[in-house]
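Working notes for the structure below.
The figures that follow rest on heavy atoms only: side chains count, while hydrogens, waters and symmetry mates do not. In this text the structure is predicted, and so the values were computed from the model without any measurement.
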Amino acid sequence: FDMVLMYFEDQDLSPIEDMLRPYIDSHKLVLVRSYFHGITGYGWSPLLPMQENHCLWRAKGLARYVAHNDVDELVDLNEKFSSINEYMDEKL
């Protein structure tokens, strides 16, 4: 991956920022604050469409592939593929 956007609906991101600082500083990771008082934290997030649209807008003209994974999803590549790009090239 060239860059990962992570959307957090937590009010205080400082522990996460501290833990992920090397990736943030190398511009491989962007933390996007998505906390809205009274909306955040009630099961399914009504903010999800906004987060997806922001991700697509941010990648427009820059990304060949854009993936959206929630916390309960994962990418599991078998040994046939050395990278996610190689997998996407073959599958698409």
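The two residues Glu86 and Ser82 come nearest to each other via the heavy atoms OE1-OG, 2.7 Å. For the residue pair Tyr7 and His54, the shortest heavy atom distance occurs at OH-ND1, 2.6 Å. Of all non-hydrogen atoms in Glu90 and Lys80, the two that sit nearest each other are OE2-NZ, 3.0 Å.
In this structure, Leu13 CG and Met19 CE are separated by 10.5 Å, a value rounded to the nearest 0.5 Å. Cys55 SG to Met6 CE: the interatomic distance, rounded to the nearest 0.5 Å, is 12.5 Å. Here Arg21 contributes atom CZ and Leu31 contributes atom CG; the two are 8.0 Å apart, rounded to the nearest 0.5 Å.
Considering only residues two or more places apart in sequence or on other chains, Asp12 meets the side chain to side chain donor-acceptor pair (under 3.5 Å) condition with Ser14. For Arg58, there are no side chain to side chain donor-acceptor pair (under 3.5 Å) partners, not counting sequence neighbours.
Under the 4.5 Å side-chain heavy-atom criterion for ILVMFWY residues, a single connected hydrophobic cluster contains both Val4 and Ile16. In the hydrophobic clustering of this structure, Leu5 does not group with Leu56; members are Ile, Leu, Val, Met, Phe, Trp, Tyr whose side-chain heavy atoms approach within less than 4.5 Å, directly or through other members.
Within 6.0 Å of CZ in Phe8 there are more than 12 heavy atoms belonging to other residues, nucleotides or ligands.
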